[in-house]
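First comes the structure, then the notes that go with it.
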Number of protein chains: 2
Amino acid sequence: MTRSPDVPPVAVEDLADAVRLLRERGLRLSTARRLVLETLLAADGPLSAEQVASDLRLDLTSVYRNLETLEQCGLVRHVHLGHGPGLYTLVGRGEHEYLVCDSCGAVRVLAPGELDAVREGVRRQFGYEVRFGHFPMVGKCPDCSDRAR
Amino acid sequence: MTRSPDVPPVAVEDLADAVRLLRERGLRLSTARRLVLETLLAADGPLSAEQVASDLRLDLTSVYRNLETLEQCGLVRHVHLGHGPGLYTLVGRGEHEYLVCDSCGAVRVLAPGELDAVREGVRRQFGYEVRFGHFPMVGKCPDCSDRAR
DNA sequence: GTACATGCAAACGTTTTGCAGCGAA
DNA sequence: TTCGCTGCAAAACGTTTGCATGTAC
C-alpha cells in the first residue's frame, strides 16, 4: 500500500528507545525482533526484507512480519525505488527522499530539507504535505534531458 | 520498472494513428491488439491489465505483452497508484499526474499543467524534468494534515 | 510463406496467510 | 502461564517466460 500507519512517525535513537515504544503497545522484544532493529540501526541505507533475513539467517516471513509491526508503530518506513522489493529504514535513520531518472536509472539521494522549497510550493498550491520517501520523484536527469534534444 | 522506453511519448488520436505508428516499426494489428487499443481509446481513466483482459475475454498474458509493446512504442504509459497492479493509459488520453493521500487514500487527479510550477521549481533546483504520472506525489491531504494536529 | 502474435501452462519475485510449537513477560 | 512471536509450508499476487499454434501481412 501507499497507506501509512495511523500513528505519527517516531525517530528512534537506539534499541532502548525502540523497546520503550514496543512496550507501550504490549509488544515483546524477541530475539528476531531485536536483531532486525539492530540491523536497521546499523544500516546506512534502506534494506530489503530479503537482505535483512539472509544477513541474520532469520526466516523471511518473520522479517516481513517484524518490519510490518515496526512500520505500524511508526518506527519504520519503506520506499519503492523501482520495480524491485520494498526497501526498509528506521524513521530518521537512513531514511531519505529520492529523485530518480527514468532514462538512465540514476538515483539521486536528497539531503534532508533539500526538497523543502518544493514541499512548500505543493503545500501552498494544494494543501498537501508531501514526502518523496515512499515513491521517489521520477523524471529525466540533466544528462538524459539534454540527450533527448 | 521505473524505466521509460527509449522513444519519445506519442499522443494518438484514433486507431488509424496508432496503426501508422505500429507499421513504422514492422508491428502488426492483430485482433487482440486492436481490441486493447480500442479499449484504451474509449477509457476515461487508467486500466489494469486484468481489467482489459477480462473485459475483452483476452488472455492476460497477451494483454500484458500488448501493453508492453505499446509502451515501448511510446503510445502507452502506466502508473502505480499504490501497491496494486499497474494502471495503463494511452499517452495523452486518460493520462494524468496524481497527488495521493497516504492517510485516507484519496487520489487527486491533477489537470494538465497544474504541476508546472512545481516541475519548474524542481528543474531549476536539480535540473531534472519530473513527471508525477508514473509514481504519484504522496503526502497528507489537507484534512488528514489537520487531523494530525 | 514468413514472422509476428496468440493462448495456455508454468515460472517468477515479492509478500501474505495458516498453523503448530516456542519463548518472553 | 499466557499469548506474542517464531519457523516452515503453502498460497496469493502481479507479472514474465517458453512453447506450439495461429494469423496478419
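Predicted model only: the values in this text are computed from it and were never measured. Numbers restart at 1 for each chain; the letters A, B, ... are given by sequence-line order, proteins then strands.
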Notebook entry, point to check: Looking at residues at least two apart in the chain, or sitting in another chain, which of them share a salt bridge (charged side-chain N to carboxylate O under 4.0 Å, His left out) with B:R20?
Noted result: B:D17
What is the distance, rounded to the nearest whole Å, between atom [atom1] of [X] and atom [atom2] of [N]?
{"X": "B:Q51", "N": "D:dG14", "atom1": "CD", "atom2": "P", "value": "11 Å"}
{"X": "B:R57", "N": "C:dC8", "atom1": "CZ", "atom2": "P", "value": "13 Å"}
{"X": "B:L60", "N": "D:dA12", "atom1": "CG", "atom2": "C1'", "value": "15 Å"}
{"X": "B:D59", "N": "D:dA20", "atom1": "CG", "atom2": "P", "value": "17 Å"}
{"X": "B:N66", "N": "D:dT15", "atom1": "CG", "atom2": "P", "value": "15 Å"}
{"X": "B:H78", "N": "D:dG14", "atom1": "NE2", "atom2": "C1'", "value": "11 Å"}
{"X": "A:Q72", "N": "D:dG4", "atom1": "CD", "atom2": "P", "value": "15 Å"}
{"X": "A:R34", "N": "D:dC5", "atom1": "CZ", "atom2": "C1'", "value": "14 Å"}

Check: If you look at every heavy atom in A:V91 and A:P9, which pair is closest and at what distance?
Finding: CG1-CB, 4.0 Å
Margin query: Show the nearest heavy-atom pair for residues B:P136 and B:V100, with the distance to one decimal.
Written below: CB-CG1, 3.7 Å
Check: Which one of B:V7, B:L22, B:V10 satisfies the side chain to side chain contact (heavy atoms under 4.5 Å, CB included) criterion with B:C73?
Finding: B:L22
Residues 36-51 of chain A side chain polar contacts: donor-acceptor under 3.5 Å, at least two apart:
from: A:E38; atom 1: OE1; to: A:R34; atom 2: NH1; distance (Å): 3.4
from: A:E38; atom 1: OE2; to: A:R34; atom 2: NH1; distance (Å): 3.4
from: A:T39; atom 1: OG1; to: A:L35; atom 2: O; distance (Å): 2.9
from: A:S48; atom 1: OG; to: A:Q51; atom 2: N; distance (Å): 3.0
from: A:S48; atom 1: OG; to: A:Q51; atom 2: OE1; distance (Å): 3.4
from: A:Q51; atom 1: OE1; to: A:S48; atom 2: N; distance (Å): 2.8

Check: Just by protein heavy atoms under 4.0 Å, how would nucleotides 18-25 of chain C read 5' to 3' in B, S and -?
Finding: BB---BBS
Check: Could you give the angle between the helix axes at the two ends of the helix from C:dG1-D:dC25 to C:dA25-D:dT1, with five pairs per end, rounded to 10 degrees?
Finding: 30°
Checklist line | With sequence neighbours excluded, residues passing side chain to side chain contact (heavy atoms under 4.5 Å, CB included) with A:D55 | finding: none
Item checked: B:H80 and B:H134 aromatic ring geometry - parallel, tilted or perpendicular at 30°/60° bounds -> perpendicular
Check: Does a side-chain N-to-carboxylate-O contact under 4.0 Å join A:R65 and A:E68?
Finding: no
Next item on the list: Looking at every strand, decide which applies to B:L58 at a 4.0 Å heavy-atom threshold: base, sugar-phosphate, or nothing.
Entry: sugar-phosphate
Note to self: My understanding is that only residues two or more places apart in sequence, or in another chain, count here; which of them pass side chain to side chain donor-acceptor pair (under 3.5 Å) with B:E114?
What the structure shows: B:R108
